[in-house]
Asks: 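Take this structure first; my questions come after.
Predicted model, so just to flag it, every value in this text is computed and none were measured.
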Amino acid sequence: MGFLITTLIFIAVGVIASLFARICCNRGPSTNLFHLTLVITATVCCWMMWAIVYLAQLNPLIVPILSEE
C-alpha cells in the first residue's frame, strides 16, 4: 500500500511542478518544452531512486546473522 500511495504522491508533485513551470516560466514554446523535460526527468529520477531503496528493503541481499547469546 505504501508503494502505491507514494507513487501517486510523486505523480501529483510532478504534475504540480509541470504546471508551475508552465505558468511561471512562460518564455516561448522551445523553453517551455525544455522546462517540462527537466521537470519530468527530475521527477522520474527521484521516484526511481526512492523505489529502488524501498524495494531493496523488502528483500535484502545480505541477511543479518543473529548471535545466539
Side-chain angles (χ1 to χ4, degrees):
M1 191 70 165
F3 188 82
L4 180 65
I5 290 174
T6 309
T7 300
L8 293 175
I9 290 171
F10 269 101
I11 291 171
V13 168
V15 168
I16 291 169
S18 298
L19 291 173
F20 183 75
R22 174 86 174 154
I23 292 170
C24 294
C25 303
N26 193 6
R27 296 187 181 149
S30 178
T31 305
N32 287 343
L33 180 62
F34 180 66
H35 289 158
L36 183 63
T37 304
L38 287 177
V39 167
I40 290 173
T41 303
T43 304
V44 169
C45 287
C46 287
W47 176 81
M48 283 180 60
M49 183 64 194
W50 172 82
I52 290 168
V53 170
Y54 183 83
L55 293 174
Q57 293 177 21
L58 292 178
N59 189 15
L61 295 176
I62 302 172
V63 180
I65 300 172
L66 300 174
S67 63
E68 298 189 21
E69 292 180 8

Asks: Determine all donor-acceptor pairs shorter than 3.5 Å in which one atom belongs to a side chain in residues 37-49; sequence neighbours excluded.
Replies:
| from | atom 1 | to | atom 2 | distance (Å) |
| --- | --- | --- | --- | --- |
| Thr37 | OG1 | Leu33 | O | 2.7 |
| Thr41 | OG1 | Thr37 | O | 2.7 |
| Thr43 | OG1 | Val39 | O | 2.8 |
| Trp47 | NE1 | Thr7 | OG1 | 3.1 |

Asks: Does atom CZ of Phe3 have more than 12 heavy-atom neighbours, drawn from other residues, nucleotides or ligands, at distances under 6.0 Å?
Replies: yes
Asks: Name each donor-acceptor pair under 3.5 Å that joins a side chain in residues 50-61 to protein atoms two or more places apart or in another chain, with its distance.
Replies:
none

Asks: Determine which pairs satisfy side chain to side chain donor-acceptor pair (under 3.5 Å) with at least one residue from residues 14-32, sequence neighbours left out, and list them in order.
Replies: Asn26-Asn32
Asks: How many angstroms lie between CG in Leu36 and CG in Leu19, if you round to the nearest 0.5 Å?
Replies: 9.5 Å
